[in-house]
Every structure is written in structure tokens, then in C-alpha cells.
Amino acid sequence: MSDNYVDFQEEFCVYMKSKNCISLINGLKTYNIKFDGVQHNPLDDAINLENLALKFISETKLKNKRKIN
């Protein structure tokens, strides 16, 4: 199991060219996504992280398609 995960925060920080870790709140702000729920509530944090990850994945796929074409 330890070999089958991605550190999303690390990937996001590398992509954003940030030397410091980017918080969930600041990551959401990058994409103008409003935090839904209560911060530091595990379920709300997980749902918001999923929203950020899905937006990140769709943006990076779109940029990669543009480079190929």
C-alpha cells in the first residue's frame, strides 16, 4: 500500500513552483473554489481536497493536450 499513493500536496507545490507547502485553503483559492463545510473537519477537508484534486487533474490534462497538439 505504501507504494501506491501520491503525495498530492507535494505534486501540487511542484506544479505551482512553490518552495513552501500550499495549504488546502490556498490551493482552493488558486482555482477560485470556495471551501465547503468546516475547516479541519476530516470529512469536509477530504471533500474539499477531492474538489481541488479533480480541478488540478482536469487543468493539467488540458494543458498537456495543448502541448501535444
Side-chain angles (χ1 to χ4, degrees):
M1 185 170 150
S2 65
D3 294 334
N4 295 321
Y5 78 95
V6 173
D7 183 341
F8 177 74
Q9 185 176 34
E10 181 180 325
E11 294 294 321
F12 188 75
C13 292
V14 168
Y15 181 78
M16 299 302 290
K17 298 180 176 125
S18 175
K19 293 180 183 178
N20 300 317
C21 291
I22 298 173
S23 67
L24 175 57
I25 293 297
N26 288 331
L28 291 168
K29 286 179 183 177
T30 300
Y31 293 112
N32 296 317
I33 302 171
K34 183 179 178 260
F35 189 94
D36 188 26
V38 177
Q39 290 182 38
H40 305 295
N41 173 294
L43 181 57
D44 292 341
D45 285 351
I47 291 168
N48 284 281
L49 179 58
E50 177 188 28
N51 292 336
L52 175 58
L54 291 172
K55 183 68 174 177
F56 173 77
I57 290 166
S58 70
E59 179 181 284
T60 55
K61 282 184 179 180
L62 181 61
K63 285 187 177 183
N64 288 336
K65 279 185 178 180
R66 288 181 183 160
K67 287 179 185 177
I68 294 170
N69 293 333

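All of these numbers come straight from a predicted model, not from anything done at the bench.
Cys13 approaches Asn20 most closely through the heavy-atom pair SG-O, 3.6 Å. The two residues Asn48 and Asp44 have their closest heavy-atom pair at ND2-O, 2.6 Å. Contact record, Cys21 with Gln9: CB-NE2, 3.5 Å, taken as the closest heavy-atom pair.
Contact check for Asn51 versus Lys55: no side-chain heavy atoms found under the 4.5 Å cut-off. In this structure, the side chains of Leu24 and Leu52 come closer than 4.5 Å at one or more pairs of heavy atoms. With a 4.5 Å cut-off on side-chain heavy atoms, Thr30 and Phe56 do not count as touching.
Remark: Asp36 CG is loosely packed, at most 12 non-hydrogen atoms of other residues, nucleotides or ligands lying under 6.0 Å away.
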Next item on the list: Could you please spell out the steps behind the side chain to side chain contact (heavy atoms under 4.5 Å, CB included) verdict for Asp7 and Glu11?
Entry: CA-CA 6 Å; Asp7 183 341; Glu11 294 294 321; 5.8 Å; no
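There is no path of hydrophobic side-chain contacts, each under 4.5 Å, that joins Leu54 to Ile22. Residue Ile47 is not grouped with residue Leu49 when hydrophobic side chains (ILVMFWY) are merged at heavy-atom distances under 4.5 angstrom, including chains of intermediate members.
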